Participant: 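Here it is, the structure, as structure tokens.
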Amino acid sequence: MSPILAIPEGTCVCIQYHMALIWQRTHLSSCQDHEGYCQLTCGRCNCAESVTQVLQKLQANTFLQAATMTGMKAQFDLPGFTATVLAPSDAAFANFLQGAPLSSMTNDALLALLELHVLPPVAGLLTPWTTPFLATSPTLPTWLGGGNSLTTGKAANGPANFSVSSGAGSAANIIVADMEAARSYVDILDAVLSVPVNTAPVPLPAAGSGPNGAFGIATFNMTASSIMTPAAMAVQTAG
């Protein structure tokens, strides 16, 4: 067996090396050589864009502002974060707020709204929802839990040709679909989905997981699983 290579701890190449047990230097020329491994991102290199970076690129600024205000952004930035984020466009938020600022909503109401727009992975697969899965009009669980799922259907417009609807009777078309964000995907909606009245948010996972901890949160809301981060792998592989 080849000797352990001097790969900087905390890089995605290091993660690929330990997780895939790739022993040859020629396989380490790019952290994107093997699809999927670079997506177990350490959070400190640029081989894969985070959810936050993709939201910025898509100019979903109001959604990102709300995520920052509620603590959701910290979840988006965790290594191994796995979900599908349905971000309403800025125009959709402007129509929803009717001129009021985000701060006019309580933190709980805003967090519940965001959780309705985040989908945990497909049950049993730990695979994020993408539009090909929507062809059979499935019901989509959300981070909000408590039966607050979304229904899907064919859209009247929008390049993805799919719409999503909440139990509160609101609906939105997917106008930008399946934008990769490390292990997650981001879609843009043309409307904000409404949360049923008096719905409380689910508390976010405790702080402390991520690139400096032993585990990163892969998903959330009763479907949680963990991935090993470089610090944990260094212990596991030592000796």
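Just so you know, these numbers come straight off a predicted model, no measurement behind them.
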Participant: Rounded at 0.5 Å granularity, tell me how far CD1 in Ile175 sits from CG in Leu189.
Facilitator: 7.5 Å

Participant: Just by distance, do the side chain of Ser104 and the backbone of Ala100 share a donor-acceptor pair under 3.5 Å?
Facilitator: no

Participant: CG/Leu111 to CG/Leu204 distance, rounded to the nearest 0.5 angstrom?
Facilitator: 5.0 Å

Participant: Looking only at heavy atoms, which two atoms of Ala191 and Ala171 are closest? And how far apart?
Facilitator: CB-O, 3.5 Å

Participant: Parallel, tilted or perpendicular, judged at 30° and 60°: which one describes the rings of Phe63 and Phe93?
Facilitator: tilted

Participant: Taking all atoms of both residues into account, what is the closest heavy-atom pair of Pro141 and Leu119, and its distance?
Facilitator: O-CD2, 3.3 Å

Participant: Roughly how far, to the nearest 0.5 Å, is the CG atom of Leu55 from the CD atom of Glu49?
Facilitator: 10.5 Å

Participant: Distance from Met179 atom CE to Asp187 atom CG, nearest 0.5 Å?
Facilitator: 9.5 Å

Participant: Rounded to the nearest 0.5 Å, what separation is found between the CD1 atom of Ile174 and the OG1 atom of Thr131?
Facilitator: 6.5 Å

Participant: Which residue in the set Leu150, Leu140, Leu86 passes side chain to side chain contact (heavy atoms under 4.5 Å, CB included) when paired with Trp129?
Facilitator: Leu140

Participant: Regarding Thr52 and Asp77, do their side chains bring together a donor and an acceptor under 3.5 Å, going by distance alone?
Facilitator: yes

Participant: Work out which heavy atom in Pro138 is nearest to a heavy atom in Thr152; give both atom names and the distance.
Facilitator: O-OG1, 2.9 Å

Participant: Show the nearest heavy-atom pair for residues Leu193 and Leu113, with the distance to one decimal.
Facilitator: O-CD1, 3.2 Å

Participant: Where is the tightest heavy-atom contact between Leu144 and Pro201, given as atom of each residue plus distance?
Facilitator: CD1-CA, 3.9 Å

Participant: For residues Ala60 and Ala87, report the shortest heavy-atom separation together with the two atoms involved.
Facilitator: CB-CB, 4.2 Å

Participant: Using side-chain heavy atoms (C-beta onward) and a distance below 4.5 Å, is Met105 in contact with Leu97?
Facilitator: yes

Participant: Quick check against the 3.5 Å criterion: does Ser89 have a side-chain atom that pairs as donor or acceptor with the backbone of Asp190?
Facilitator: no

Participant: Looking only at the aromatic ring of each residue, does the gap between the centers of Trp143 and Phe81 stay below 6.0 angstrom?
Facilitator: yes

Participant: Given 3.5 Å as the limit, does a donor-acceptor pair link the side chain of Thr199 with the main chain of Val195, or not?
Facilitator: no

Participant: Give a yes or no answer on whether the side chain of Asp178 reaches the backbone of Thr130 with a donor-acceptor pair at less than 3.5 Å.
Facilitator: no

Participant: Decide whether Thr62 and Asp90 meet the rule of one side-chain donor and one side-chain acceptor closer than 3.5 Å.
Facilitator: yes

Participant: What I'd like to find out is whether the side chain of Thr82 reaches to under 4.5 Å of the side chain of Pro128, using heavy atoms alone.
Facilitator: yes

Participant: Report the distance from atom CD of Gln75 to atom CD of Glu115, rounding to the nearest 0.5 Å.
Facilitator: 9.5 Å

